[in-house]
Amino acid sequence: MSKLLAGLYSTTALCPTPISRNHISGPRNGRGRVSETKKSSNRSGSVAIMMTRTIAVPSLTTASLTSIAGQSPQTITRHINRKYLQDTIKGGFRFGTIAGYKPADTAQGGRLGDLQEGSQRQVFSSRTGVYNGNFIGTNIRDVSIDGFENPIVIEYSVNDYCSCSSINGFRQDRANTLRARGNPDIDTFVVYDLEKLTKALREIFAENSMWQHFEILSREVIYGEKDRHWSVEGEIAITEDRDHLEIWLGTSFVKSTAYEHEEEFRMLVIDPGKAGQLAENIKHLLIQDPRIAGAIIEHGHF
């Protein structure tokens, strides 16, 4: 592989640059030198060299957002704890953040336990175990890597306001599965007419000077392989000219197959000039308006 295109924005290497004539060893577990990394829907395994990036999505117009939005269901269901029901049926609606959904540690599970949330990785493995090339400005020369499942990783992250629901109306079997798989506190559901909800949110944003720049992008989540794995050998060059829009969409709307039971429908609130670049320390966006209450068509406990 002489050249691999990768869309990247800033450079924050968590390793020296350049790296030359080093040997990096990790736990062998009786397997010896690690060869090509196996694809997996779950992110796991040790990393020898990690480089992190953020992205720069081109400014998005209303027309471009419409073109990339998926087909929407008529209704969506939010699963919550009953203590939030009264505020919700009065018109309360909370957008968390993609970064906020990522767990603080690997022991957490359930809807908020996706370790891949908000990030996508390019994982590079050499059949010979030796690496030579330029990895977005980091020059690696004659580096031999032993005992790591993920020898060289470039990880880039995105963050936007985000609301996670399930497609279509309430289903008892789906609710039971959600609760059983790491969400013991959910016992209440609220079903929205999606068209009315979206219309209400857009009206509310337009009336608030702090929110007038916001746009909404909604799509069903796709379940499959999120990270990308590459087998490399010889001299390679990884450049900064990959499609940032593709990275953003692939990071925001693709999840591991371990979460298929959620049947997730995701609504993003974005700054169209800085999609994916919401500061990680921002907590949430809380809206309270009777027009949102008007989009509710059903609610109850389970």
Side-chain angles (χ1 to χ4, degrees), residues 1-55 102-103 106 114-158 222-244 246-259:
M1 182 183 298
S2 61
K3 185 176 182 181
L4 179 67
L5 303 182
L8 304 165
Y9 178 48
S10 67
T11 300
T12 308
L14 302 183
C15 58
T17 179
I19 300 173
S20 61
R21 306 191 187 284
N22 289 319
H23 182 85
I24 303 173
S25 293
R28 290 177 179 271
N29 296 324
R31 295 194 297 264
R33 188 181 299 276
V34 173
S35 60
E36 183 175 354
T37 304
K38 183 180 179 181
K39 291 185 178 181
S40 171
S41 294
N42 295 312
R43 182 175 297 166
S44 61
S46 54
V47 176
I49 298 174
M50 170 74 82
M51 292 167 276
T52 62
R53 305 288 189 273
T54 54
I55 60 172
K102 186 173 182 178
T106 57
D114 185 1
L115 294 173
Q116 295 182 338
E117 193 67 81
S119 64
Q120 188 184 89
R121 287 180 174 181
Q122 300 266 355
V123 182
F124 302 92
S125 299
S126 168
R127 289 185 298 175
T128 65
V130 178
Y131 296 82
N132 282 282
N134 188 304
F135 291 76
I136 318 271
T138 299
N139 294 311
I140 295 179
R141 294 291 149 205
D142 298 323
V143 172
S144 175
I145 300 178
D146 266 337
F148 289 84
E149 289 89 340
N150 305 285
I152 297 178
V153 175
I154 298 176
E155 180 178 277
Y156 31 91
S157 59
V158 304
I222 297 171
Y223 297 96
E225 176 59 31
K226 187 172 190 175
D227 296 339
R228 297 188 175 187
H229 299 250
W230 308 91
S231 177
V232 299
E233 57 184 303
E235 181 79 17
I236 65 171
I238 304 170
T239 60
E240 296 198 44
D241 51 0
R242 191 183 162 200
D243 186 347
H244 295 191
E246 177 189 345
I247 298 172
W248 176 56
L249 291 174
T251 306
S252 300
F253 292 102
V254 177
K255 294 184 70 171
S256 163
T257 55
Y259 297 90

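Everything quoted here is computed from the prediction, not taken from an experiment.
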Atom [atom1] of [X] and atom [atom2] of [Y]: how far apart are they, to the nearest 0.5 Å?
| X | Y | atom1 | atom2 | result |
| --- | --- | --- | --- | --- |
| Y223 | F253 | OH | CZ | 12.0 Å |
| Q120 | L249 | CD | CG | 10.5 Å |
| Q116 | R121 | CD | CZ | 8.5 Å |
| Q122 | I136 | CD | CD1 | 8.5 Å |
| I154 | F135 | CD1 | CZ | 6.5 Å |
| E233 | S126 | CD | OG | 6.5 Å |

Is the shortest side-chain heavy-atom distance between [X] and [Y] below 4.5 Å?
| X | Y | value |
| --- | --- | --- |
| V47 | I152 | no |
| I49 | I140 | yes |
| S125 | P151 | yes |
| V143 | I145 | yes |
| Y156 | I247 | yes |

For [X] and [Y], indicate whether the former's side chain and the latter's backbone hold a donor-acceptor pair under 3.5 Å.
| X | Y | result |
| --- | --- | --- |
| E225 | D227 | yes |
| Y131 | S144 | no |
| K226 | T251 | yes |

What are the two closest heavy atoms between [X] and [Y], and how far apart are they?
| X | Y | result |
| --- | --- | --- |
| S46 | E149 | OG-OE1, 2.6 Å |
| R127 | S231 | CG-OG, 3.7 Å |
| T52 | M50 | CG2-CG, 4.1 Å |

note = Residue set satisfying side-chain contact (heavy atoms from CB on, under 4.5 Å) with N132, at least two apart, ordered chain then number -> V130, R141, D142, E235

